[in-house]
Amino acid sequence: MFIKILWIIVYLATFLGIRADATLQQSRYEERLTLVEAVLLKQSNEIEDLKSVVQTQKKEITQLKITQKKEITQLKMTLSKVKRLQGIHDKSISVLRKLTMRSKVNLESTPRENFLLRKDSQVKSFEPISEIKTGEVSINRASRLLNVPTSAPDIGTVAFYALMSHDELNPGPHHTIAFDLVKTNIHNSYNPFTGAFTAPIYGVYGFIYTLRMNCRNYGTFEIMKNDEVEGTIHVNVVNGCSGQFSTGSIIVILNIGDTVYVRTHSTLTPSGLIQSNIHGGPYFAGWLIASL
């Protein structure tokens with residue numbers, strides 16, 4: 001009997017020890033599971049932070065591309081302006097050279113003056129230069145000989161007329177239109193490569209221009225005097241093919257070297273193409289009305 005009780009006690013002790021070990025093991029598993037969950041939660045938060053950083057970087061890259069595109073467009077506009085100013089500069093130098101050569105010819109062809117005008121209180125008479133006393137000469141002979149007129153000489157008729165010989169597909173804003181097929185260019189003041197007319201003399205000028213868009217498209221165009229907008233026309237054929245042409249005209253006063261040209265609107269981008277074919281196309285014309 002005693003032995004049986006002893007075996008029961010040993011069994012119970014063993015059973016209770018096993019249960020205690022199991023409970024301790026389960027507790028350790030739960031602690032590890034809690035630790036793993038904490039690590040996973042931390043990694044999940046880090047992944048979300050990385051996603052946010054990547055999204056921000058994508059937005060910054062997109063904004064940088066937009067900024068670079070705008071800067072490239074601005075550089076192109078600046079380059080186009082520099083080219084126009086270079087053309088004006090070259091034209092001005094040419095005009096100055098002509099005036100200088102003309103003054104030189106006039107100077108060389110002027111006869112040597114042997115007599116100067118002398119004025120006294122009673123009579124006016126001519127005396128030899130050798131007889132005029134110092135201080136009595138009121139006119140500087142050299143200044144008179146070298147004096148250059150302030151206004152350009154009359155050079156006669158100035159006029160031009162040019163067409164666009166081909167379609168121009170999807171021109172962007174602030175784009176100068178080059179009317180390349182020159183029909184009339186008296187005095188050669190219109191440049192078919194740049195599309196700009198440069199005034200050879202100071203005067204009043206008239207200009208007329210027509211643009212044509214293809215069907216179901218539209219475009220807005222400006223006529224410029226240097227960097228100033230002088231007139232605007234809009235061609236709207238969105239609803240079909242009626243009204244493909246639009247014409248504008250201006251009368252302006254130009255100084256020597258001022259330029260006039262036609263361009264697309266500075267902010268409104270045309271839709272479609274500027275059209276030119278056997279049924280008609282854009283043209284640009286101008287002429288001197290009167291010199292000033």
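For reference, positions follow the sequence shown, starting with 1. Predicted, not measured: the structure shown is a model, and the values here were computed from it.
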Taking all non-hydrogen atoms of both residues into account, name the closest pair between [X] and [Y] and its distance.
{"X": "Ser291", "Y": "Ile201", "answer": "CB-CD1, 3.7 Å"}
{"X": "Pro282", "Y": "Ile274", "answer": "CG-CG2, 3.6 Å"}
{"X": "Ser165", "Y": "Leu181", "answer": "CB-CB, 4.1 Å"}
{"X": "Pro270", "Y": "Pro171", "answer": "CD-O, 3.3 Å"}
{"X": "Ile208", "Y": "Trp287", "answer": "CG2-CZ3, 4.1 Å"}

Problem - Test log, rule side-chain contact (heavy atoms from CB on, under 4.5 Å), inputs Lys51 and Ile47 - result: CA-CA 6 Å; Lys51 287 182 179 179; Ile47 291 172; 3.9 Å; yes
Quick one: pull up [atom1] in [X] and [atom2] in [Y] and give me the separation to the nearest 0.5 Å.
{"X": "Leu169", "Y": "Asp167", "atom1": "CG", "atom2": "CG", "result": "8.5 Å"}
{"X": "Asn170", "Y": "Thr264", "atom1": "CG", "atom2": "OG1", "result": "11.5 Å"}
{"X": "Lys59", "Y": "Gln57", "atom1": "NZ", "atom2": "CD", "result": "12.5 Å"}

Check for me, please, whether [X] and [Y] land in the same ILVMFWY cluster - side-chain distances under 4.5 Å, paths through other members count.
{"X": "Ile250", "Y": "Phe197", "result": "yes"}
{"X": "Leu288", "Y": "Val182", "result": "yes"}
{"X": "Tyr283", "Y": "Ile251", "result": "yes"}
{"X": "Leu268", "Y": "Val262", "result": "no"}

Handout entry: Full working for side-chain contact (heavy atoms from CB on, under 4.5 Å) between Phe160 and Thr184
Key = CA-CA 5 Å; Phe160 77 95; Thr184 302; 5.7 Å; no
Is it true that atom [atom1] of [X] has more than 12 heavy atoms of other residues, nucleotides or ligands lying nearer than 6.0 Å?
{"X": "Leu64", "atom1": "CG", "result": "yes"}
{"X": "Tyr218", "atom1": "OH", "result": "no"}
{"X": "Asn45", "atom1": "CG", "result": "yes"}
{"X": "Ile66", "atom1": "CD1", "result": "yes"}

Expected output: side-chain [X] to main-chain [Y] donor-acceptor under 3.5 Å:
{"X": "Asn226", "Y": "Glu228", "answer": "no"}
{"X": "Thr34", "Y": "Glu30", "answer": "yes"}
{"X": "Asp258", "Y": "Val260", "answer": "no"}
{"X": "Ser52", "Y": "Glu48", "answer": "no"}
{"X": "Ser276", "Y": "Met164", "answer": "yes"}

Problem - Residue pair Asn277, Arg212: steps toward the side-chain contact (heavy atoms from CB on, under 4.5 Å) verdict - result: CA-CA 10 Å; Asn277 53 34; Arg212 178 190 181 191; 2.7 Å; yes
Is there side-chain contact between [X] and [Y], with at least one heavy-atom pair below 4.5 Å?
{"X": "His279", "Y": "Gln244", "answer": "no"}
{"X": "Val229", "Y": "Met224", "answer": "yes"}
{"X": "Thr259", "Y": "Thr194", "answer": "no"}
{"X": "Ile233", "Y": "Thr247", "answer": "no"}
{"X": "Val158", "Y": "Pro200", "answer": "yes"}
{"X": "Cys215", "Y": "Val237", "answer": "no"}
{"X": "Leu254", "Y": "Val252", "answer": "yes"}
{"X": "Leu292", "Y": "Val204", "answer": "yes"}

Problem - Worked verdict on Phe179 versus Tyr190 for ring-ring contact (aromatic ring centres under 6.0 Å, His included) - result: CA-CA 10 Å; Phe179 300 84; Tyr190 174 74; 7.3 Å; no
Practice task
Answer with yes or no after comparing the ring centroid distance for Phe284 and Tyr261 against a 6.0 Å cut-off, counting only values under it.
Solution key: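 No.
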Problem - Tyr209/Phe221 aromatic ring centres below 6.0 Å - result: no
Practice task
List the steps, then state whether side-chain contact (heavy atoms from CB on, under 4.5 Å) holds for Lys42 with Glu46.
Solution key: CA-CA 6 Å; Lys42 182 179 179 181; Glu46 290 176 350; 3.5 Å; yes
Under a plain distance cut-off of 3.5 Å, with no hydrogens placed, do [Y] and [X] share a side-chain donor-acceptor pair?
{"X": "Thr232", "Y": "His234", "answer": "no"}
{"X": "His174", "Y": "Ser266", "answer": "no"}
{"X": "His175", "Y": "Glu168", "answer": "yes"}

